[in-house]
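Beneath this line is the structure, given in structure tokens, with notes to follow.
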Amino acid sequence: MMGNGDPERGTKNRSNHSYPQTNYYAGGGGGGGTYHMEYSESQWTSWLVPMIVVANVGMFAAIMFVNNCPKNHNNGFQGGDCVAKFLGRLSFQPLKQNPLFGPSSSTLEKLGALEWDKIVHGNEAWRLITCIWLHAGVVHLLANMLSLVFIGIRLEQQFGFVRIGAIYLVSGIGGSVLSSLFIHRNISVGASGALFGLLGAMLSELFTNWTIYTNKAAALFTLIVIIAINLAVGILPHVDNFAHIGGFMSGFLLGFILLVRPQFGWLENRHLAAHNRMKSKYTAYQYVFLVVAVVLLIVGFTVGLVMLFKGENGNDKCSWCHYLSCVPTSRWSCNN
């Protein structure tokens, strides 16, 4: 998720499915490799993810309209001229202020960016949600929306809009909560926490539905590499890795709850005589994963929200956690 000089998060209805039934493929991460499921499953029609993309693009256009660089920026006195002046009031802030081709920090703050002080002392908890729909610039928006298309459409085709929509939104809020606990001096915007939630859900879905997949090792390796690379990017300055981590953890737990599949052979055997059918639709370890995930999700959100609205600083509880979001080097500092 990115802000202008601020942290980045980035960084069914059954009538809607298509016929005939086709082999089921689960994404190996970010639209990458696939791994084959052992039985056939009908696909849902993906409409929610495209609508989210359209909503984010429309919101960014509205942000730039409100920003109105030619009117609100004193050209030549605050870091240069507005960029792409031919766009009129939709032109971008000077690159010295926002290298991502986007609005000013003050505009993002006014429209709902994540800001600890306003959430805790200004009773503006709605910022935990609104920040998910704001982006710091064209570069930020394109990166997140392309990732969402590659990851989200495939997941929605497999599991439907209700479950994927719930994972996207709750993971985004989870990322916002963790970010607010550890980052108090900057604002943050973007959908990266929600996107990491989808990646986390893909990983837990692979674990909980382990018996119905082939090429398990390759799929697991691919997902872990993709997740590790994206989290590693979060140690760069102005990247809100706490939003990434919070979103990933939320999505990982939600995957065990919402993306569980019947065990191998159950769908094929459900039309057999009663004495020949499998006794349980799900395996024992799937039930264990589900119960543990529900408990951890409730406890995690409860503790996080209580700490947040009490005004506590997560860095006071974990003195080394700030390194998860920024590692200082000779090239940059993490003091701000």
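Bear in mind that the values here come from a model prediction, so they are computed numbers and not experimental data.
Residue Tyr287 places its OH atom among more than 12 non-hydrogen atoms of other residues, nucleotides or ligands, all under 6.0 Å distant. Atom CZ of Phe221 has 12 or fewer neighbouring heavy atoms from other residues, nucleotides or ligands inside a 6.0 Å radius. Counted within 6.0 Å of CZ on Phe65, heavy atoms from surrounding residues, nucleotides or ligands total 12 or fewer; the atom is thus considered open. Within 6.0 Å of CZ on Phe289 lie more than 12 heavy atoms contributed by other residues, nucleotides or ligands. The environment of CE in Met249 is sparse: at most 12 heavy-atom neighbours from other residues, nucleotides or ligands sit within 6.0 Å.
The closest donor-acceptor contact from the side chain of Asn315 to the backbone of Cys321 lies at 3.5 Å or more, if one exists at all. Side chain of Ser91 to backbone of Leu87: no donor-acceptor contact under 3.5 angstrom is found. Formation of a donor-acceptor pair under 3.5 Å by the Thr302 side chain with backbone atoms of Ile298 is found in this model. For Asp81 (side chain) and Pro94 (main-chain N/O), no donor-acceptor pair under 3.5 Å exists by modelled atom type. Side-chain atoms of Ser325 do not come within 3.5 Å of backbone N or O of His322 as any donor-acceptor pair. At least one donor-acceptor pair under 3.5 Å links the side chain of Asn230 to the backbone N or O of Ile226.
A chain of hydrophobic side-chain contacts below 4.5 Å, direct or via other Ile, Leu, Val, Met, Phe, Trp or Tyr residues, connects Leu296 to Tyr285. When hydrophobic clusters are built by joining Ile, Leu, Val, Met, Phe, Trp and Tyr residues whose side-chain heavy atoms come closer than 4.5 Å, directly or via intermediates, Val120 is not grouped with Trp126. Following chains of ILVMFWY side-chain contacts shorter than 4.5 Å, one cannot reach Leu146 starting from Val49, and the two form parts of different hydrophobic clusters. In this structure, Val299 is a member of the same hydrophobic cluster as Val177, with clusters built from ILVMFWY side-chain heavy atoms closer than 4.5 Å. In terms of hydrophobic clustering, with Ile, Leu, Val, Met, Phe, Trp and Tyr side chains grouped at heavy-atom distances under 4.5 Å, Ile235 and Leu231 are assigned to different clusters.
Between Phe101 and Phe92, the ring planes are perpendicular. Angles over 60° get that label, and only those under 30° would be called parallel.
For the atom pair CG (Leu48) and CD1 (Ile153), the distance works out to 10.5 Å, reported to the nearest 0.5 Å. Taken from CG in Leu259 to CG in Leu155, the straight-line distance is 7.0 Å, to the nearest 0.5 Å. Atom CD of Glu312 is separated from atom CG of Leu181 by 8.5 Å, given to the nearest 0.5 angstrom. Residue Ile52 holds its CD1 atom at 7.5 Å from CG of Asn56, rounded to the nearest 0.5 Å. In this structure, CZ in Phe252 is found 8.5 Å from CD1 in Ile227, a value given to the nearest 0.5 Å. Residue Gln93 holds its CD atom at 6.5 Å from OG1 of Thr107, rounded to the nearest 0.5 Å.
Under the rule for a side chain to side chain donor-acceptor pair (under 3.5 Å), Glu115 has no partner lying at least two apart in sequence or in another chain. Residues passing the side chain to side chain donor-acceptor pair (under 3.5 Å) test with Gln286 are Asn209, Thr283, sequence neighbours excluded. In terms of the side-chain contact (heavy atoms from CB on, under 4.5 Å) criterion, residue partners of Ala293 (sequence neighbours excluded) are, by chain and number, Leu253, Phe256, Ile257.
You'll find the side chain of Leu111 stays beyond 4.5 Å of the side chain of Thr130, heavy atoms only. At a threshold of 4.5 Å between non-hydrogen side-chain atoms, the residues Lys216 and Leu220 do not count as touching. Proximity of Tyr282 to Leu290: side-chain heavy atoms (C-beta onward) are nowhere separated by under 4.5 Å.
Between Ala136 and Phe60, the shortest heavy-atom distance links the atoms C-CE1, 4.4 Å. The two residues Pro70 and Cys82 have their closest heavy-atom pair at N-SG, 3.7 Å. The shortest heavy-atom contact between Met145 and Ala191 is CE-CB, 4.5 Å. Listed here is the closest heavy atom pair of Gln157 and Ser46: CG-CB, 4.0 Å. Closest of all the heavy-atom pairs between Arg261 and Gln158 is NH2-O, 2.7 Å. The nearest pair of heavy atoms linking Trp133 to Ala55 is CZ3-CB, 4.3 Å.
When Ile183, Ile119, Ile187 are each tested for a side chain to side chain contact (heavy atoms under 4.5 Å, CB included) with Leu114, only one passes: Ile119. Between Ser179 and the options Asp240, Asn186, Leu128, a side chain to side chain contact (heavy atoms under 4.5 Å, CB included) holds for only Asp240. The only option from Leu141, Val54, Leu134 that meets the side chain to side chain contact (heavy atoms under 4.5 Å, CB included) definition with Met59 turns out to be Leu134.
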- request: Go through the steps to decide whether His184 and Asp117 satisfy the test side-chain hydrogen bond (donor to acceptor under 3.5 Å, both in side chains), and finish with yes or no.
  value: CA-CA 7 Å; His184 288 187; Asp117 184 65; over 6 Å; no
- request: Test side-chain contact (heavy atoms from CB on, under 4.5 Å) on Leu100 and Val138 and set out the steps.
  value: CA-CA 6 Å; Leu100 303 177; Val138 173; over 6 Å; no
- request: Evaluate side-chain contact (heavy atoms from CB on, under 4.5 Å) for Leu206 paired with Met202, printing each intermediate quantity in order.
  value: CA-CA 6 Å; Leu206 177 59; Met202 289 176 68; over 6 Å; no
message: Walk me through whether Ser171 and Leu254 qualify under side-chain contact (heavy atoms from CB on, under 4.5 Å).
response: CA-CA 8 Å; Ser171 297; Leu254 284 167; 4.2 Å; yes
- request: Decide yes or no on side-chain contact (heavy atoms from CB on, under 4.5 Å) for Met64 and Arg89, but give the supporting numbers first.
  value: CA-CA 7 Å; Met64 296 311 303; Arg89 68 181 296 156; over 6 Å; no
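Centroid-to-centroid, the aromatic rings of Phe196 and His244 come within less than 6.0 Å.
Remark: the Glu205 side chain and the Tyr213 side chain contain an N/O donor-acceptor pair separated by less than 3.5 Å. Counting only N and O atoms by type, the side chains of Ser104 and Asn67 include a donor and acceptor under 3.5 Å apart.
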